[in-house]
Number of protein chains: 2
Amino acid sequence: MTGGRPAPTGSAAGLREQKKQRTRAALLRTALEFFTTKGYEETTVDEIAEAVEVSQRTFFRYFANKEKAAFAVQEMMEHHFVEALRARPAEEGPFDALRNSVLGTWDTIGEALTEVVPVDVYLRMLQVIESSPTLLAAHLRRSFEMEEYIARLIADREGLDVEADPRPRVAVASFGGVMRVTGQLWVQGKDASLDALRSLTVSYLDHLTPALATNWRETAPSEAHRSAGGANRA
Amino acid sequence: MTGGRPAPTGSAAGLREQKKQRTRAALLRTALEFFTTKGYEETTVDEIAEAVEVSQRTFFRYFANKEKAAFAVQEMMEHHFVEALRARPAEEGPFDALRNSVLGTWDTIGEALTEVVPVDVYLRMLQVIESSPTLLAAHLRRSFEMEEYIARLIADREGLDVEADPRPRVAVASFGGVMRVTGQLWVQGKDASLDALRSLTVSYLDHLTPALATNWRETAPSEAHRSAGGANRA
DNA sequence: TTGTCAATTGTCAGTCGCTGTCACTAGCCT
DNA sequence: AGGCTAGTGACAGCGACTGACAATTGACAA
């Protein structure tokens, strides 16, 4: 990409690229700002574009659709989560790995997106998502797709075949289901803090973990249930 | 509003009502026909309206949006399922009740909608739903809302408080998750028959049932896991 | 039968999300 | 310097959906 020419601005390569990043960041910041204050449906793409002093067409050049802007941060977090899951020690049971990855992601949430948007905007955006029918639907579909991906990850680390053994998918589906329930309850509750979300998750997860097998390597598929335990608290 | 009108609901009340029913049925039939042959996104509301010889505006007077038409039959099935669940004997464990209600609903699927659309249109519509991003998202949101409702039903029949005890929601979420996974796999598979869907469900459900408690009345919330068994096969 | 009321519907205009096209400007490269 | 091309704005257009208003038509009473 970069030729032999001295970069006038120093850090990033190309002035063009910088401008692009700035435009994208501005669009995203403005969009989330509007979404979290006026509401998603109440915000038009035209408004966002106008606020950033860009044509509507340009907005759609950066975000395939309005939704994409709403989930941009969420997307980062998911990527973060997947990396955390990949980094989990192989000895850890699938459920503990999932659990620890989520909690770990939330514990480092700040560092992960400080440059993009303030944490409280992210949290408020979560609430917007849960309360807008359109966004909720999109969120669930995204989760669904994510679950398929994660199921394959889990199957890999356990050395199983996703198509042959139902347990990875079943486990991830259960896990995802619980995560969604907690998200919903968090929004409905009065405490909209990160701590509240975190402890709600821990609490609900604790009710599912003991009900599903901890170590698949020592049990046959048909009797995959044991005494639980082994979830290392944060 | 309405004074002493004749039979408001019943079967044959007023010529006006008949016409309305006929229009609605025609719109629905045509819509599903188009959706299942041309695809959802590829079908225009204008097309549907034109085929029924009605203005586009009228379509939207019968169906709040395009989606509503796509899920009209699904809505009936859900109603059917809920009734089945309500009718389940109180002694039955929550999971068995859910399982038997689903299977029961599918076994009587024919009688439930013969008058509306042929069964194969319903099945093809399921495939359309799973394969259209828009419809999949809507489907998942509907399922999510349904789960909340069912969780309350389950809590009631077990004499629990949904807000206090996480188990109803967790169980229903898990159950729903498995149902969705099977739906997805069914669409991806080659056998698009009702039998295939049914047996896939049975198979996957059997992997979850033994992993979750069967009888909550005999176990404390914190140790809700036992030896499984007790799922009465169909 | 006829007139009145109210429900249904069609027509029209307009909003909003989103896409294709095309010309134009401004970084980038040689 | 001059050509190339990425990025953008302006414009037109499609499809889902809504509000408003007028025309139609079934329901009911005089």
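Since the model is a prediction, treat every value here as computed from it, not as a measurement. Quick note: numbers below take in every heavy atom, side chains included, and nothing from hydrogens, waters or symmetry partners. In the text below, chain A, chain B and the rest are named by the order of the sequence lines, each starting its count at 1.
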Problem set entry | d(CD, B:Glu47; P, D:dG15) in whole Å | 8 Å
Problem set entry | B:Arg22 CZ - C:dT9 P separation (whole Å) | 11 Å
For this session: For a side chain to side chain contact (heavy atoms under 4.5 Å, CB included) with B:Arg124, tell me which candidate from B:Leu32, B:Val119, B:Thr37 qualifies.
Result: B:Thr37
Exercise. So, is B:Tyr62 near the phosphate of C:dT8, with a side-chain N or O under 4.0 Å from OP1 or OP2?
Worked result: no
For this session: Using a 4.0 Å heavy-atom cut-off across all strands, classify A:Thr134 as base, sugar-phosphate, or nothing.
Result: nothing
Problem set entry | Interatomic distance, A:Leu15 CG vs D:dG7 C1' [rounded to whole Å] | 13 Å
Exercise. Counting just side-chain N and O atoms, does A:Lys20 come under 4.0 Å of either OP1 or OP2 of D:dG7?
Worked result: yes
Exercise. Do the rings of A:Phe71 and A:His139 sit parallel, tilted or perpendicular, given the 30° and 60° boundaries?
Worked result: parallel
Exercise. Where each residue is assigned the nucleotide of DNA chain D containing its nearest heavy atom, which of B:Lys19 and B:Glu67 is assigned the position nearer the 5′ end?
Worked result: B:Glu67
For this session: Measure the distance from CG on B:Leu27 to P on C:dT8 and round it to the nearest whole Å.
Result: 14 Å
Exercise. Tell me: CZ of B:Arg24 to P of C:dA7, nearest whole Å?
Worked result: 20 Å
Problem set entry | Charged N-O contact under 4.0 Å between B:Glu47 and B:Lys38 | yes
For this session: Ignoring the backbone of A:Thr44, work out which of D:dG9, C:dG17, C:dC12 is nearest its side chain.
Result: C:dG17
Problem set entry | Side-chain N or O of A:Lys66 closer than 4.0 Å to phosphate OP1/OP2 of C:dC18 | no
Problem set entry | Distance, rounded to the nearest Å, where A:Phe59 contributes CZ and D:dA10 contributes P | 18 Å
For this session: Between C:dT9, D:dC17, D:dG19, spot the one nearest the side chain of B:Asn65, thanks.
Result: D:dC17
For this session: Establish, from distance only, whether the side-chain atoms of B:Ser193 and B:Asp195 form a donor-acceptor pair under 3.5 Å.
Result: no
Exercise. Please give, in whole Å, the distance from D:dA16 P to B:Ile48 CD1?
Worked result: 8 Å
Exercise. Rounded to the Å, how far apart are A:Glu17 CD and C:dC29 P?
Worked result: 12 Å
Exercise. Under the 3.5 Å rule, do the base of D:dG9 and the side chain of A:Arg61 count as making a donor-acceptor pair?
Worked result: yes
Exercise. Is the backbone N or O of A:Gln21 less than 3.5 Å from a side-chain atom of A:Tyr62, with the two atoms forming a donor-acceptor pair by type?
Worked result: no
Exercise. Between D:dG7, D:dC17, C:dC28, which nucleotide has the shortest distance from any of its atoms to the side chain of B:Phe60?
Worked result: D:dC17
For this session: Decide yes or no, distance alone: a donor-acceptor N/O pair under 3.5 angstrom between the base of C:dT8 and the side-chain of B:Arg16.
Result: no
